[in-house]
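First up is the structure itself, then whatever we jot down about it.
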There are 2 protein chains.
Amino acid sequence: MWQRHQHSQCIKEALSKAEQVCIDHQCRLTPIRKKVLELIWKSHKPIKAYDLLAQLSSEDFIEKPPTVYRALEFLIENNLIHRIESQNAYIGCNHDHENLDSKFLICEQCNQVEELSEPKINKTLSEVSKKQGFTPNMVNIEVHGTCSQCAQN
Amino acid sequence: MWQRHQHSQCIKEALSKAEQVCIDHQCRLTPIRKKVLELIWKSHKPIKAYDLLAQLSSEDFIEKPPTVYRALEFLIENNLIHRIESQNAYIGCNHDHENLDSKFLICEQCNQVEELSEPKINKTLSEVSKKQGFTPNMVNIEVHGTCSQCAQN
DNA sequence: CAAATAATGTTATAGTATAACATTGCTTAA
DNA sequence: TTAAGCAATGTTATACTATAACATTATTTG
Ligand SMILES: [Zn+2]
Ligand SMILES: [Zn+2]
Ligand SMILES: [Zn+2]
Ligand SMILES: [Zn+2]
């Protein structure tokens, strides 16, 4: 969480993780992709495509929508970020994903997002899906509510 | 599922359930709201706001965006439909909801959607949330994959 | 009935995302 | 090494999704 860590450190980690992922996946972390990823991590909350666009344009990058949407597409494909569907917004991921699944706790007060990695949820969902004869491919879970910090205030 | 029921029957049921819900909630199922709900049920798959708009306009209703978005808002508030976030689309609900939660199996082949009501999922999610000190308010789960029908083909 | 409230009409615009084609840059194998 | 092929980016235009703001009409209630 924001309050409990050196954020510059966690940006660094995210970027170096990205380098490694790109080596593993044999793809390229180009300057634009890297810059977008960095801006997403700097935000540390879900950030919108057009906000990224605005920030890019103030840093000598080309500021057209396809530029940022392509970068987002790339980062999503490589599980370096996720899209928060209920907000049309994007957030960094520091998890190791086996599958195409993502699970979020979204605080309605502070808009801080926590990604879950609890495998028990997937297990339960799998079981229920199977019962319906359904074969899951990707899962998205978005839980809206109040985080512990905000509950105290 | 589409293949296994008289669809005209299930539209009728949805509309009469809606009447009852509106009595209970002391709100009004106006002609526009009723028409939108009917069109959503006729589709029997997730349908987009502007597709509804097009269908309304061919039936002597006013065809401006706010008209349909207001109807959608009303229907969502009363749990008569849900929004499929990953598709910007809307689908009818014939469940009885205690809470603000919805869980879907979405077939990537036929785009048929099944709503889950399995309470075990909520229970698991609640437990995991609590462990993080998080108080859930509303939950949305969207599982993409292949339905049993499509798996056979 | 009059006042208050709810719902709809209307115009305009904000916000999100992609298509299509041109250009540039990297990779690789003759 | 260099030309061909592919990957990435540039560029223009447009499609798709949703809401703000204010006017008008319909319904409810005292
Ligand atoms: Zn993740
Ligand atoms: Zn919070
Ligand atoms: Zn439902
Ligand atoms: Zn199917």
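A, B, ... follow the sequence lines: proteins, then strands. Residue 1 opens every chain. What you see below is based on every heavy atom in this structure, not just the backbone, and it leaves out hydrogens, waters and symmetry mates. These numbers come from a predicted model, not from an experiment.
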Aromatic stack A/Tyr50/C/dT16: centroid gap under 5.5 Å, interplanar angle under 30°:
yes
Report yes if a side-chain nitrogen or oxygen of [X] is closer than 4.0 Å to either non-bridging phosphate oxygen (OP1 or OP2) of [N]; otherwise report no.
X	N	answer
A/Arg83	C/dA17	yes
A/Arg33	D/dA8	yes
B/Tyr90	D/dA18	yes
A/Lys48	C/dG15	no

Identify which one of B/Ile32, B/Leu72, B/Ile11, B/Leu75 satisfies the side-chain contact (heavy atoms from CB on, under 4.5 Å) criterion when paired with B/Leu37.
B/Leu75
Is any side-chain heavy atom of A/Ile106 less than 4.5 Å from a side-chain heavy atom of A/Val143?
no
Between A/Glu142 and A/His144, is any pair of side-chain heavy atoms under 4.5 Å apart?
yes
To the nearest Å, how far apart are [X] [atom1] and [N] [atom2]?
X	N	atom1	atom2	value
B/Gln26	D/dT27	CD	C1'	15 Å
A/Ile47	C/dG15	CD1	P	15 Å
B/Glu85	D/dC16	CD	C1'	16 Å
B/Ile32	D/dT27	CD1	P	12 Å
A/Lys64	C/dT24	NZ	C1'	16 Å
B/Arg28	D/dT29	CZ	P	10 Å
B/Leu56	C/dG9	CG	C1'	14 Å
A/Leu29	D/dA7	CG	C1'	15 Å

Out of C/dA6, D/dT17, C/dA17, which has the shortest distance to the side chain of A/Tyr69?
C/dA17
Any donor-acceptor pair under 3.5 Å joining the side chain of A/Arg70 to the base of D/dG10?
yes
Quick one: pull up NE2 in A/His95 and NZ in A/Lys103 and give me the separation to the nearest 0.5 Å.
9.0 Å
Given DNA chain C, 5'-ward residue of the pair B/Pro31 and B/Pro65, judged by closest heavy atom
B/Pro31
Specify the residue among B/Asn88 and B/Pro66 whose closest nucleotide of DNA chain C lies further upstream toward the 5′ end.
B/Pro66
So does B/Glu85 pair up with B/Arg83, basic N to acidic O under 4.0 Å?
yes
